[in-house]
Amino acid sequence: MKSFLFASLLPFFAVTALTAAEPIKVGEVASLTGKEAAFGNASHQGTLLAIEQLNAAGGVLGRPVELLTEDNQSKAGESATVARKLVSREKVVALLGEVASSRSLEMAPIAQRAKIPMISPSSTNPKVTAVGDYIFRVCFIDPFQGTVMAKYAKENLKAKRVAVVTSVSSAYSVGLAKYFKERFVADGGEIALEQKFAEGDKDFKAQLTAIRAAGVDAIFVPGYYTEAALITRQARELGLTLPLFGGDGWEAPQLLEIGGAAMNGTYYSTHYSPEDSSPKVQSFVAAFRARWNGETPDAMAALGYDSAMVLADAITRAKTVEAAAVRDALAATKGYAGVTGITTLDADRNASKAASIITVQNGKFKFVQSVAP
Ligand code: PHE
């Protein structure tokens, strides 16, 4: 486990005053290594930046915030194990994480049973917060994202018949496929065929050959960046020139590294764009670049940042770190202005925010449009 208190305090004057007070321990579960390392690292960098900014400004309730980060190695089962450790051994006041829905679904029951508030920055599957009243998220959910991409396919890509390629081992993928299909069909579109794969698969030629034979206008791939990029490359190798499109799981620099030129002309929806000219976003982008070697923050980084800030806001309003009071304050979150938009938590502990549609042009991500909830 890594602890991020002292490193974050060093540069600041308030060191003596702040370290005298007992730190507020916040746990973070992230995929820092393994298959979805891009997600975990981006989210962690955003989260840590928020904690450092909070500490530089005097902490929360006059106490420094200590971030205790556990790596689940992108492995199934590991998120529950490390969440348990953070709760029982470290006695964290809240848990931040996970990015991926399947892993948030593993850790949520631990948080709920212990009655420790958990905030997923970016898990979009509806089931995550349905685990219980201590589980929150600061992002939109997949029924909205599925609708956004169904409408985009129909209206902008002019697609009438589409193929859907789903990762059956991912709660996120299965859910997003379902919501997309419901909306696309309700709007008069046709799902010509569905193909399946499992996380970690590398060869998609069989699925793509079937899709080629079916003659569709576009392919929807509700999956994560590794498989999305491989599927797109192999589609091009098979001579398919039609548009491929997906959801926020596509968001990672690796999408372009793995997919190369094949990614040009693809589309996906996500939570934010660093091209957004609002002062809030631009000052976040500048602070992130200064902290992390000139890197540009992606959606996970932005949501990680907002998840920590929403927690700090709730603790400030609760005036205590007592779990039930923090839970109640989180549930009452209204109009919190963050870098991914306004967070208002509804009765199901979900946020409702705009989606950003991104395309790839000449090997680069390009913001297309924002779709309001
Ligand atoms: N929404 C995805 C999930 O629920 C995770 C994700 C979030 C991926 C943000 C990319 C960007 O699993």
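One-based numbering, in listed order, for ligands and for the atoms of each.
Heavy-atom contacts from other residues, nucleotides or ligands closer than 6.0 Å to NZ of Lys151 number 12 or fewer. In Asp203, the CG atom is crowded: over 12 heavy atoms of neighbouring residues, nucleotides or ligands sit closer than 6.0 Å.
Among protein heavy atoms, atom 5 (C) of ligand 1 sits closest to Val99 O, 3.5 Å. Nearest to atom 1 (N) of ligand 1 among the protein's heavy atoms is Asp248 OD2, 2.6 Å. Protein heavy atom at the shortest distance from atom 12 (O) of ligand 1 is Tyr224 OH, 2.5 Å. Nearest to atom 11 (C) of ligand 1 among the protein's heavy atoms is Met300 SD, 3.0 Å.
With respect to the salt-bridge test (charged N to carboxylate O, under 4.0 angstrom), the residues Glu237 and Lys205 qualify. Using a cut-off of 4.0 Å between Lys/Arg side-chain N and Asp/Glu carboxylate O, Lys25 and Glu66 are scored as not salt-bridged. Between Lys181 and Glu194 there is a salt bridge, with a side-chain nitrogen of the basic residue lying less than 4.0 Å from a carboxylate oxygen of the acidic one.
Inspection of the Glu199 and Tyr224 side chains reveals no N or O donor paired with an N or O acceptor under 3.5 Å. In summary, the side chains of Gln145 and Asp142 do present a donor paired with an acceptor at a separation below 3.5 Å, with no hydrogens or angles considered.
Nearest-residue assignment for atom 2 (C) of ligand 1 (options Trp250, Tyr172, Phe140; heavy-atom criterion): Tyr172.
Of all the atoms in ligand 1, the ones that sit under 4.0 Å from a non-hydrogen atom of His271 are 9 (C). Those atoms of ligand 1 that come under 4.0 Å of a heavy atom in Ser123, given as number and element, are 4 (O). Counting the atoms of ligand 1 from 1 in the order shown, those under 4.0 Å from a heavy atom of Phe39 are 8 (C), 10 (C). Close approach to Ser101 involves these atoms of ligand 1, each under 4.0 Å from a residue heavy atom: 3 (C), 4 (O), 12 (O).
Judged by the shortest distance from any of its heavy atoms, Arg103 lies outside the 4.0 Å radius around the atoms of ligand 1.
Ile231 has its side chain within reach of Leu208: a pair of non-hydrogen atoms, C-beta onward, lies under 4.5 Å apart.
Looking at Thr270 next to ligand 1, no N or O pair under 3.5 Å apart turns up.
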